[in-house]
Amino acid sequence: MVLVLGDEAAVLVVRDLVKRYSGGVTALRGISFSVEKGEVFGLVGPNGAGKSTTFKIIATLLKPSSGTVVVDGVDVVREPLEARKRITFVPEEVGGYRRLTGLEYLRFIISAYLSARGEERGIDRVVVEAAKLTGLDYETLASTKMSDYSKGMKRRVQVAWALVVRPRLAILDEPTSGLDVEASYELRRIIKEYAKTHGVSVLLSSHNMLEVEHLCDRVALISRGRIIEEGSPREIVEKYGAENLEEAYMKAMKQRGGSVA
Amino acid sequence: MHSLGMLLRKELYTLLREPMVRVMIILPFIIYASMSPFYGSAVKQVEEAAKLHGARLAIVACSKEDLNVAKTIAAMLRAKGVNASALSGCNPLDAMRRGYNVVVVLGKNFVQNLVAGKARVEIYVKGSVSSLSKTLALPGAALSYVSQALSPSNRTRVEAQEYLVVNNRVWSYEQLNNLYGTANFLTFAVFFIIFPAASLGATLIGAEREERTLEVLFSLPIRRRDIAVAKSVAALLAGLLTAVSAIAGIAIFMSKIGAPLRASGYTWGDIGLYAAAIGVEALLAAVLALIVGLFSTTMRGAQAAASIVVFPAFIPAFLLVTGLPVSYLFAAVPFTATLYAALSPLIGSSYTVAALVAQGAETLAALAVLAWLLETEVAVTGPETLKRLRKRLGRRRRGGLMTFLARRA
C-alpha cells in the first residue's frame, strides 16, 4: 500500500497516532502528518511534547497504542523489519561503541543496511563516502576508538551513516546538538544536499528555530502530544504575524495552550 | 570536620547506591547462609558415621578358628550400641547381599597374626552417591571400633584395606576419595566460568544502554532474534575461553597435587562431557544475564542483577557434600549438568547426557524469551518498565501496610 499525497508519493504517513505508556502517561494524542520525498520536515516542540516518542514509533522501537505509521508503503507495526530497511534513526543522545574505531562503527552500520538490501558489494564505497561526510581526518577515524571522540565528532559520524545509506527516511533527533557553529552549518548543508540531490526525506527535531527555519521545507509544532500547527516556516511566521519562526513558535505555544517551559 | 563529614556522606551515598557494591556486600552473606544447611547436613552425616549409627556391621571370619574372635568382637561392639553380627564365609559381597552395609573381613590366620602384632582386616562399605560424605567416613569409623574392641589400650595395631561398593562397583578408598575430591573441585570450578559468562552477557546488553547505542542497534534492519543469538554466542565463546583456561589450570593444579584427572577415573569422554556441560551452563547463564540486563540502566547494574540471577547455580553443587539425587528428573534442574559430569566415573554418563539435553532445551527456551523480549518495547523501555513496576508494587505494599495499620487502630 503506497499512500499518495497530491502528485507526490508520501514517504512517511502518520495517521491518528496515539501512545499511552503502561504507567498511564499519554505521550501522543492522535497526531497526523506526512513527509514527502526529498522533503526536510521539522517536528518542533518543548521537551516532553512527544517528539522523541513519535520518532521511536516510526523507527519501530516503540509500538503505538493506536493509529498507523506507513514508511514508503510499509506499515511499521506489521512489517517492522521491512520498515527498518527504509529508515535510519539517529537518537538525541549520541553514542558509539567505545572499543570500535569510527571507521569500524561506520562499516558495521553500513554493512547492516547494505546487506539487508543485498548490496554487499557497495559497502567499501559507501564507507569511504561516509568517512568523507564526517569531515573528520581519515586517520583519526581509522585509528581512534570512539571513546575518545567528542560529542560533536560522534554526532557527525552518526549523521554521516544515516544519510549515506540512502534511506527513504532519515530521522534525526536534534542533529546539530552539541556541535560548534561551523560544524552545525556544514551538517545543515549536507542534510539539505542529501534531501535535494539524493531524494532522502528527512524528519528532524531541533530546539534551534533559526536552524529549523533555514533547513526545513515544512514544520509541525507539537505540544502535549498534539500537533498544534503545521506548514512551511514562512506560512507559520505569516500566520502569527511574527518576524521569525522563533517568535511564531512562542506565540503559537501561548495561544494554543502549549508550554514553552 | 564538617567538610570531612560532608565528603564522607557523599562517598558513602555514591558507593552504597551502586548496585554492584550492594551485591558485593550482600553476596557473601547469601553464599555462606545458603551453604550452611548443606554443610551442616554433611557434618551430621559424618558424625553419625563416626558412631556407626544406622550401620549394620558384619564381622566375617575366613576360618572356623577365627569365627570365635569374630563373635567376641561383634559382642563387644553390640555392647557399645553397634548393630553387629559375626559371620563365616569370607565373602564380603555375600554379607552385603544379606543386608549388611559395613563388612569387616578378618584376614587369614587372624588370631596368629594378632598375637604377633600384625593383624589385618579388609573393610567393605556399601555406600551410595546420595551420601558420599557418610560413605567415605564409615571405613575409618569401623576400623576404629574394631581396633578398640581388639585392643582397648591401642597396643595392637590393626592394618586395614578399605573398599567402597558404590553403584555395584568396588572402589578402593583412595580411588573414591580422590574422585570425590576431584568432583568437588570440578563442580566448584564451574563458578569461575558461569559468573564470567553471566557478567559478559550483562556487559553486552548493559554497554549498549550505557554507550547509547541500543536504540540505533534496534533500529537497524537486523532481525532482533539475530541480535539475541549473536550476543549470547559471543558471551558463550568468551565464556568458553575462560573455561579452556580454567580446565587447563585445573589440570595443572590437579597433577601438581598428585591427583591428575585421568588417574581419578575420568576418561576422555567424561572430560568431553564436562566441557559440553560447562558450555551449556555458560550459555544459559549468559542468556539469563542478557534478559535481566534489558532492565538495567547501566553496565554495572546489569552485572549485579546477573550475578544475583545466576546465584542459584551454586545450589546443586552444595548437594555434592550432602547427597546428590541421582535421577533423570533432577538432571533437568538448571546447572546440574557439570555436577553429573564431574561424577560420571561413578554414576556413568547417561545422567550427564540427560542433563545436557534438558538444560540445552532450557537454554533454547530462555533464548526464545530473550528474542521475544527484544521484539517488544521492553528492549528499549526495560529500565522504565521496571521502575514503574517497582513503584506500583511499592505503592501496593505501602497501601497494604496502611490498611493493616488502620485496621489495627
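This structure is a prediction, so every number in the text was calculated from the model and none was measured. Here is the naming used below: chain letters follow the sequence lines, and residue numbers restart at 1 for every chain.
In this structure, the portion of B/T381 lying under 4.5 Å from any heavy atom of chain A is its side chain and not its backbone. In this structure, the portion of A/K56 lying under 4.5 Å from any heavy atom of chain B is its side chain and not its backbone. For B/E375, the part lying near chain A is the backbone, with the side chain staying farther off; criterion is any non-hydrogen pair under 4.5 Å. When heavy atoms are compared at a cutoff of 4.5 Å, A/V94 approaches chain B solely by way of its backbone atoms N, CA, C and O.
Of the listed residues A/K154, A/R117, A/K19, A/R86, the one with more heavy-atom pairs under 4.5 angstrom with chain B than any other is A/K19. The greatest number of non-hydrogen atom pairs below 4.5 Å with chain B, out of A/R98, A/Q158, A/M146, is found for A/R98. With respect to chain B, the highest number of heavy-atom pairs below 4.5 Å among A/S115, A/A59, A/A112 belongs to A/A112.
At a threshold of 4.5 Å between non-hydrogen side-chain atoms, the residues A/Y21 and B/E384 do not count as touching.
For the residue pair A/R84 and B/I222, the shortest heavy atom distance occurs at NH2-O, 3.2 Å. Contact detail for A/T60 and B/F218: the closest heavy-atom pair is OG1-O, 4.3 Å. Between A/Y113 and B/S219, the shortest heavy-atom distance links the atoms OH-O, 3.7 Å. The nearest pair of heavy atoms linking A/F89 to B/V216 is O-CG2, 3.9 Å. Annotation for A/Y97 and B/E211: closest pair CA-OE1, 3.3 Å, computed over non-hydrogen atoms.
For the pair B/E377 (side chain) and A/K63 (backbone), a donor-acceptor distance under 3.5 Å is present.
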